[in-house]
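This report concerns only the one structure given below.
Computed from a predicted structure; not experimentally measured. Residue numbers start from 1 in every chain, and the chains themselves are labelled A, B, ... in the order their sequence lines are given, proteins ahead of strands.
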Number of protein chains: 2
Amino acid sequence: MYSPRMSTQEQPGPRERPGTRERLVRGTQELLWERGYVGTSPKAILERADAGQGSMYHHFTGKSDLALTALRRTVRDMAEAAEECLTGPGTAYDRVAAYLLRERQVLRGCPVGRMTQDREVVDSPELRAPLDEMFGRLRERIAEVLAEGQRRGELAGGLDPVACAATVAAVVQGGYVLARAADDTAPFDAAVRGVLSLLAAQVLPAAGLTG
Amino acid sequence: MYSPRMSTQEQPGPRERPGTRERLVRGTQELLWERGYVGTSPKAILERADAGQGSMYHHFTGKSDLALTALRRTVRDMAEAAEECLTGPGTAYDRVAAYLLRERQVLRGCPVGRMTQDREVVDSPELRAPLDEMFGRLRERIAEVLAEGQRRGELAGGLDPVACAATVAAVVQGGYVLARAADDTAPFDAAVRGVLSLLAAQVLPAAGLTG
DNA sequence: GTCTATATTAAGATAGAC
DNA sequence: GTCTATCTTAATATAGAC
C-alpha cells in the first residue's frame, strides 16, 4: 500500500511541499515566534498553512494541542543548535563564546524565550514543560563546559560554574529584550561582549603552552 | 467651583479611592504586566477599574492610547526604582549590586521588558519609545557608575563600562525569562550571583584602605 | 462624565457533507 | 482527510441617553 504521504515524523527536504499536518506545525512555529500564543489565532495558522478548518481539527484537538507540537519542535531545533556550539572544538571559553556569538535573528527574539511571556503558556504545565527542559538543559551544559574548563586548568577555580552558566544564558535572553526595546541589535552585541570580557578575565594564563 | 476630582496628574494617597481615569490607568498597568498588550482587552480593563465602556472612551481614544499612558507610568516608576539603587551609597560595585539584588517579583516578570515581546508594541513607534528610553537610560546610568568606579580606582581599567552595563541589564531581563520558564526564582538568583562574582573579580584590592 | 445599547469583526470550536 | 457551514463568545468601538 504505497502512499506519497510521509509518516507523522515527516521531515521532508526543501524540494517537495510538506503534507498538511506538517504545514500546520511549521506555520504555527512561525506564528508563535512572531506573535506569541495569545496572538496566534487558528485563522492565521490556517491561512499560513494553506489549510481549511477541518484539517486542523482532524490532526489536532485544538489550538493548544497544535501549539504544543510546534513548541516541542522549536525547542528541539534550538537545543540542537546550542549543543552544536557547546560540543565544538577549543577551550571552555571558546565553546561558551561560540554559543554566545552564534548567528541569531536578534530583533525577532528567541522563539523559546518568547513563550515565557505568555500567560497561557506558563500557566499550563504541559506547554511550559518544553521551555523548562530546554533552558534547564542549556544551563546544565554550559555549567558542564565551564566545570570541565576548570578541571583542565583553563579557568580560575573560584568561578561558580552553575551561577555563571545561568548568567550566560540570561545574557542571551536579556540581550534579545534590550535589542527589541531599542529596535537595534547593538545592546545584544554589547551585552555579549561584556560577559565575554568578564569571562576572559577568568581564563588562566598559558595553560595550554605546556604541550 | 470646587470639585472633588483631582487633576489629570492625580497622585492620590492610598486612603481615598482614585478617580475613574486613574483607576483605568492603574488597572491597565496591572493587566499589561500580567497579560501583555494583545492579551489585555478593554472589557478586562473596565472590570478591573470598575468602570463602564463610556468612561474609557471618554478619557482615552481607545486601547492603544490608554496603554500608552499606562506604559509611561510604569516606565517612570521602574526608572525611579533603578535610579534609587544606582545613586545609593557605597562603591560602584555596591551600587550595581544594589540594582541587581533589589527586591523583585521575579516570577511575574519585568513589567517593562515584557512589553518587548508584544508585536503591536514594538511595531508602534509611540508604544516602543518609552521602553527604548528606559532601557537606554538604564544602561547609560550603569555605565556611568562603572566608569566612575574606574576613575576612583575601584575597578580594573580594562573593564568596558558600556558593554558591562548592557550585560548587567541583560542578566536581569534574561533572569526573568529563565525563572518563568522554570517556574522558580532560582535561575534568576543564580544569574545575578554569577555576574556579581565576575564583576567582583574586577574590583581592585584595597583601594579604600589608604584613608 | 458615565451609562446602556448596539454594531462589527474575530476567536475558537463543532457538525456533517464529500 | 479535507471542506464548508454554523455556533458561541469575546474584542473593540460607536451612538446616544442621562
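- Listed by first then second residue, pairs satisfying salt bridge (charged side-chain N to carboxylate O under 4.0 Å, His left out) with a partner in residues 164-189 of chain A number zero, not counting sequence neighbours.
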**Complete:** Note, DNA chain D 5' to 3' with Watson-Crick or G-U pairs under 3.5 Å encoded as ( ), [ ], | and . gives ||||||||||||||||||
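- Here C/dA13 presents its P atom at 14 Å from CZ of A/F60, a figure rounded to the nearest Å.
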Got a list of side-chain donor-acceptor pairs under 3.5 Å for residues 54-64 of chain A, not counting sequence neighbours?
| from | atom 1 | to | atom 2 | distance (Å) |
| --- | --- | --- | --- | --- |
| A/K63 | NZ | A/Y37 | O | 2.9 |
| A/K63 | NZ | A/T40 | O | 2.8 |

**Message:** Please evaluate residues A/R48 and A/R23 with respect to the criterion side-chain contact (heavy atoms from CB on, under 4.5 Å), reporting the C-alpha separation (whole Å), side-chain torsions for both, the decisive distance (0.1 Å), and the verdict.
**Reply:** CA-CA 8 Å; A/R48 185 157 309 203; A/R23 294 202 312 280; over 6 Å; no
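- Using a cutoff of 4.0 Å between basic side-chain nitrogens and carboxylate oxygens, A/R73 and A/E22 are scored as salt-bridged.
- Screening residues 167-202 of chain B for ring-ring contact (aromatic ring centres under 6.0 Å, His included), with sequence neighbours left out, gives B/Y176-B/F188.
- A donor-acceptor pair under 3.5 Å is formed between the side chain of B/T87 and the backbone N or O of B/E83.
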Output a table of nitrogen or oxygen pairs between the protein and nucleotides 11-18 of chain D separated by less than 3.5 Å.
| from | atom 1 | to | atom 2 | distance (Å) |
| --- | --- | --- | --- | --- |
| D/dA11 | OP1 | B/S41 | OG | 3.3 |
| D/dT12 | OP1 | B/K63 | NZ | 3.2 |
| D/dA13 | OP2 | B/Y57 | OH | 3.1 |
| D/dA13 | OP2 | B/K63 | N | 3.3 |
| D/dA13 | N7 | B/Q53 | NE2 | 3.3 |
| D/dA13 | N6 | B/Q53 | NE2 | 2.4 |

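- By the ring pair (Phe, Tyr, Trp, His ring centres under 6.0 Å) test, B/F135 is found to be paired with no residue, residues two or more places apart in sequence or in another chain being considered.
- One interatomic measurement links the two molecules: CD1 of A/I45 to C1' of C/dA13, which rounds to 13 Å at whole-angstrom precision.
- The phosphate of C/dC3 (OP1 or OP2) has no side-chain N or O of B/H58 nearer than 4.0 angstrom.
- For A/D94 and A/T91, the side-chain atoms include at least one donor-acceptor pair closer than 3.5 Å.
- The CD-P distance, from A/E47 to D/dT4, rounds to 13 Å in whole Å.
- Taking atom CG of residue B/L24 and atom C1' of nucleotide C/dC3, one finds them 14 Å apart after rounding to whole Å.
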